[in-house]
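Below is a structure I'd like to ask you about.
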There are 2 protein chains.
Amino acid sequence: METLNEKHAKVFKALCDEKRLHILELLRNGDNCACELLENIDIGQSSLSYHMKILVESGIVESRQEGKWTHYKISEQGSSNAIHLLRELTSTNCTGKKEN
Amino acid sequence: METLNEKHAKVFKALCDEKRLHILELLRNGDNCACELLENIDIGQSSLSYHMKILVESGIVESRQEGKWTHYKISEQGSSNAIHLLRELTSTNCTGKKEN
DNA sequence: ATATCATATTGACAAAATTTGATTTGATGT
DNA sequence: ACATCAAATCAAATTTTGTCAATATGATAT
């Protein structure tokens, strides 16, 4: 079974790798198919596929099949969730017993 | 030399590990010294020290020495920076040429 | 059915992250 | 100076990630 922290860690795992941040950068300009991404980044095809899977599983990127192509884009919903999660994880709990 | 993406990745590296999320959880209730954290989490002393270093280097946690104790707390500044960074990294670029 | 193209999956390997136990450092107390 | 405690650092062992090449899958076209 997956703990809540493990689930949360997955969201940020998407963002803790240089290559994946590069991919996000490419996606920021809009919808891209994998083949386009592949042209703009220095990794092999299977490696790209591996990273895209991590990005999609984090929820930050969504994919859409179109014929034999897979298109990717940044998910507004997913990004928004990630931002809220980060805010929650780092918010100091003002009702806690231990303020000094 | 460190690329910008590598620098950004470091911020999220702090958050992509289950144990570090647990530590953040403990810190949310207020300022804690390492020895207190150690009592509340199932890892060894050197391992905790390793994770604290990563958290501090990300900017999300700050440390303060007091005698022989090190106290840690979540940094408002650092958290805020991380949130802004995340927002930036996932914002879709509306002036881009490729909207469909 | 066969061929082709885009992408996903697999297994082997290399590289990076994490854990562990031992040792070191630095502050404090006697 | 010596002992003690908290935390950091180091080296070795282990685990997890990421890369590459090969292969599989699934859609499309002939």
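A quick note: this is a predicted structure, and the numbers were derived from the prediction, not measured.
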Here the residues of residues 60-75 of chain B within 4.0 Å heavy-atom distance, strictly under, of DNA chain D are B/K68, B/W69, B/T70, B/Y72
To the nearest angstrom, the CG-P distance between A/L37 and C/dA6 comes to 14 Å
CD1 (A/I60) and OG (A/S80) are apart, to the nearest 0.5 Å, by 11.0 Å
**Asked** Would A/R28 and B/T92 count as having a side-chain donor-acceptor pair, cut-off 3.5 Å?
**Response** no
Applied to residues 37-47 of chain A, the side chain to side chain donor-acceptor pair (under 3.5 Å) test, sequence neighbours excluded, yields none
B/L55 CG to D/dA8 C1', in whole Å, measures 16 Å
A/E6 atom CD is separated from D/dT17 atom P, nearest whole Å, by 10 Å
Using side-chain heavy atoms (C-beta onward) and a distance below 4.5 Å, is B/H22 in contact with B/L26? yes
Between protein and nucleic acid, restricted to nucleotides 16-21 of chain C and to nitrogen or oxygen atoms under 3.5 Å apart, what atom pairs and distances do you find?
residue	atom	partner	partner atom	Å
C/dA17	OP1	B/K13	NZ	3.2
C/dT18	OP1	B/R20	NH2	3.1
C/dT18	OP2	B/R20	NH1	3.4
C/dT18	OP2	B/Y50	OH	2.8
C/dT19	OP1	B/K19	NZ	3.0
C/dT19	OP2	B/S47	OG	2.9
C/dT19	OP2	B/H51	NE2	2.5
C/dG21	O6	B/S46	OG	3.1

A side-chain contact here means heavy atoms from C-beta on lying under 4.5 Å apart; do A/N32 and A/H71 qualify? no
In whole angstroms, the gap separating C1' of C/dT7 from CD of A/E39 amounts to 15 Å
Here the salt bridge (Lys or Arg N to Asp or Glu O under 4.0 Å) pairs for residues 71-92 of chain A, sequence neighbours left out, are none
With a cut-off of 3.5 Å and sequence neighbours excluded, list every side-chain donor-acceptor pair involving residues 10-21 of chain B.
residue	atom	partner	partner atom	Å
B/K10	NZ	B/E2	OE2	3.1
B/D17	OD2	B/K19	N	2.9
B/D17	OD2	B/R20	N	3.1
B/R20	NE	B/K13	O	3.4
B/R20	NE	B/A14	O	3.2
B/R20	NH1	B/H51	ND1	3.0
B/R20	NH2	B/K13	O	2.9

For residues 47-64 of chain B, the salt bridge (Lys or Arg N to Asp or Glu O under 4.0 Å) pairs (sequence neighbours left out) are B/D31-B/R64, B/R64-B/E66
Taking for B/K53 and for A/Q45 the nucleotide of DNA chain D with the nearest heavy atom, the one nearer the 5' end belongs to B/K53
